[in-house]
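Notes follow the structure.
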Amino acid sequence: MEAQYDYGMIGIGTMGRNLVYNMCDHGFAVAGFDKDTKQVEVFVKEADKRKVFGTSNVNDFIQALKSPRVVMLLVPAGAIVDSVIQELKPLLSEQDIIVDCGNSHFTDTDRRIAELSKENLHFMGIGISGGEEGARYGPSIMPGGAKEIYARVAPVLEAISAKVNGEPCVTYLGPGSSGHYVKMVHNGIEYGVMQLISEAYHLLKEGAGLNNAELHQVFCKFNEGPLQSFLIEITANIFSRKDDLTANHLIDVIADKAQQKGTGKWTSQSAMDLGTPIPLIDAAVTMRELSALKEEREAAELKLTGPAQNFKMIKDEMILELEQALYFSMIAVYAQGMALLQQASKEFEYNLISADVASIWRGGCIIRATMLENIRSAYMRQPSLQNIMVDDFFAKQLNKTQSSARKIVQTGVENGIPVATMMSAIAYYDSYRHGWLPANLIQAQRDYFGAHTYQRTDRKGIFHTHWDQKQA
Ligand code: 6PG
């Protein structure tokens, strides 16, 4: 076997396969490996005239690659990544690179970098977003690892990535696990936006009584304004999709139990560890969990009552207010994700440039949205901006839309329609804009029952009070 392939891809299921064809269309020759011979067959067949080589024999696969080798992995996160690495290790030579393109946990990526560096092998963690379509025609790519190693894969990543105004949606993000961390936060934001849109759907369906054709129209209209984004666009399309099996709209026969592979939860877990508030993302994860309790919810429906529904807003008014409320909440969720990245960057020494992150999210990925252009501009104006909510542009947008967000949340609460993430957007906003919060009481309580001490506003030092001591 002559070593004539530029790159290798392990895992040639839908995503891996499409990524390979994308690479081939940009002039690269790629070898694909999969244990599943059926996948190999499909891979070779669909490749058509492209220069690929498919095999289920790992030795043949490695021998087909030009040296120093670059082996990409698109396999499920977790133990499988480790077992693939173990299998590859004896076959690789010094300076070869393994690139993990899956949604691996960032701590696993750091561990793998350390383990492989002992054997002079390089490991990079790269987040790729955009689903099947993105993989095939241009994803957003979030690479992390050693800068000199990135330089070796930069040409192919830049070639295959999505482009916005000619700029590739990929750039070197930082060392270690930074790429996978950024991808994880991308997914956290994705969970938040999806839940926000679902709450809007609930209100429009139950409150304004919109049918699917009307919902389609409303979301198409939303997609022409400040909410313009991939997730709003596909939501509009979902409402017009007919079922292949029945005469219904497909959306009406899909079970209302959200699943998850864990990246949203990881975002919340990491934010808790870093002490960074991302309440909207936390609420979105929680709502997926609540949705999964289908049987419990159906039983509770028979026992627990809500208010008599009385929607004071007429349909058109609700649609207008909702557009504003969604915009308000979306600013909050991107603000939380970006703030988390800044904190993680300090803690893990990623040296992330926030404007770069916003820039590569503008195209190809699931959370791409017009708003990201504004986020990028905000960070270009102020690279160390702590929270985009206080950027002049976003402060103006929030000040303008906050009353609509309140009206919509009020409508939800008054009518017993859960709007957990929209509510949490307002609570985040109101807390962040309050110079004073009632945490003095929490400090007093802690000191009262546990002698945890407190600081004062009028003098320096640490204080403790004997709270139950009789005072004159
Ligand atoms: C992407 C997506 C993708 C993710 C799915 C499913 O950026 O292309 O984020 O990486 O795996 O969206 O995620 P859940 O199963 O957790 O919803």
Side-chain angles (χ1 to χ4, degrees), residues 11 13-19 22 72-78 80-81 99-106 108-109 125-144 157 160-162 164 169-170 173 177-198 229-235 237-238 254-271 278 280-292 330 333-334 337 340-341 357-369 372 421:
T14 317
M15 288 291 289
R17 198 157 62 230
N18 280 297
L19 213 56
N22 186 350
M72 299 184 171
L73 314 185
L74 246 171
V75 299
I80 298 185
V81 176
V99 184
D100 176 11
C101 303
N103 279 335
S104 290
H105 195 280
F106 69 98
D108 284 336
T109 303
I126 293 194
I128 297 192
S129 176
E132 193 180 331
E133 190 76 5
R136 180 69 187 84
Y137 300 106
S140 169
I141 305 177
M142 294 153 250
L157 298 184
I160 64 168
S161 75
V164 173
C169 291
V170 57
L173 289 174
S177 56
S178 57
H180 275 151
Y181 198 94
V182 170
K183 177 62 187 0
M184 177 188 79
V185 175
H186 165 284
N187 283 25
I189 297 173
E190 173 185 302
Y191 276 48
V193 175
M194 289 166 79
Q195 177 62 28
L196 284 169
I197 296 175
S198 300
S229 56
F230 172 72
L231 284 167
I232 292 280
E233 180 191 327
I234 65 163
T235 302
N237 296 342
I238 287 168
I254 295 180
D256 55 324
K257 294 197 275 190
Q259 298 186 336
Q260 50 185 318
K261 293 198 201 80
T263 43
K265 180 184 76 181
W266 295 347
T267 310
S268 286
Q269 286 172 330
S270 176
I278 54 161
L280 199 154
I281 296 170
D282 300 339
V285 176
T286 299
M287 286 309 292
R288 285 205 190 186
E289 289 160 0
L290 258 161
S291 81
M330 289 215 191
V333 71
Y334 281 92
L340 174 57
L341 284 181
V357 175
S359 173
I360 63 169
W361 283 351
R362 288 176 306 156
C365 66
I366 305 297
I367 64 164
R368 63 184 184 260
L372 279 159
T421 48

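As the structure lists them, so they are numbered: ligands from 1, and atoms in each ligand from 1. In what follows, every heavy atom counts, from backbone to side chain, and hydrogens, waters and symmetry copies are set aside. As the structure is a computational prediction, the values presented were derived from the model and not from experiment.
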### Message
Once salt bridge (Lys or Arg N to Asp or Glu O under 4.0 Å) is applied, do any residues pair with Arg136, and if so which ones, sequence neighbours excluded?
### Response
Asp25
### Task
Let me see the working for Tyr191 and Val333 under side chain to side chain contact (heavy atoms under 4.5 Å, CB included), right down to the final yes or no.
CA-CA 10 Å; Tyr191 276 48; Val333 71; over 6 Å; no
### Query
Have Asp100 and Ser104 got a donor and an acceptor in their side chains that come within less than 3.5 Å?
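Side chains of Asp100 and Ser104: pair found under 3.5 Å.
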### Message
Checking side-chain polar atoms at under 3.5 Å, does Ser270 have a donor or acceptor matched by the opposite partner on Tyr181?
### Response
yes
### Task
Sequence neighbours left out, what passes side-chain contact (heavy atoms from CB on, under 4.5 Å) with Thr235? Give chain and number order.
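For Thr235 the side-chain contact (heavy atoms from CB on, under 4.5 Å) partners, ignoring immediate neighbours, are Ile197, Phe219, Phe239.
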#### Entry: Sequence-distant partners of Arg368, side-chain contact (heavy atoms from CB on, under 4.5 Å), two or more places apart
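With neighbours one apart ignored, the set is Phe230, Cys365.
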Could you list each nitrogen or oxygen of ligand 1 that sits under 3.5 Å from a protein nitrogen or oxygen, with the atom names and the distance?
from, atom 1, to, atom 2, distance (Å)
ligand 1, 7 (O), Ser129, OG, 2.5
ligand 1, 7 (O), Lys183, NZ, 3.2
ligand 1, 8 (O), Gly130, N, 3.1
ligand 1, 8 (O), Gly131, N, 3.4
ligand 1, 9 (O), Asn187, OD1, 2.9
ligand 1, 9 (O), Asn187, ND2, 3.2
ligand 1, 9 (O), Glu190, OE1, 2.6
ligand 1, 9 (O), Glu190, OE2, 3.2
ligand 1, 10 (O), Asn103, ND2, 2.9
ligand 1, 10 (O), Lys183, NZ, 2.7
ligand 1, 11 (O), Asn103, ND2, 3.3
ligand 1, 12 (O), Glu190, OE2, 2.7
ligand 1, 15 (O), Lys261, N, 3.3
ligand 1, 15 (O), Lys261, NZ, 3.4
ligand 1, 16 (O), Tyr191, OH, 2.5
ligand 1, 16 (O), Lys261, N, 2.9
ligand 1, 17 (O), Arg288, NH1, 2.8

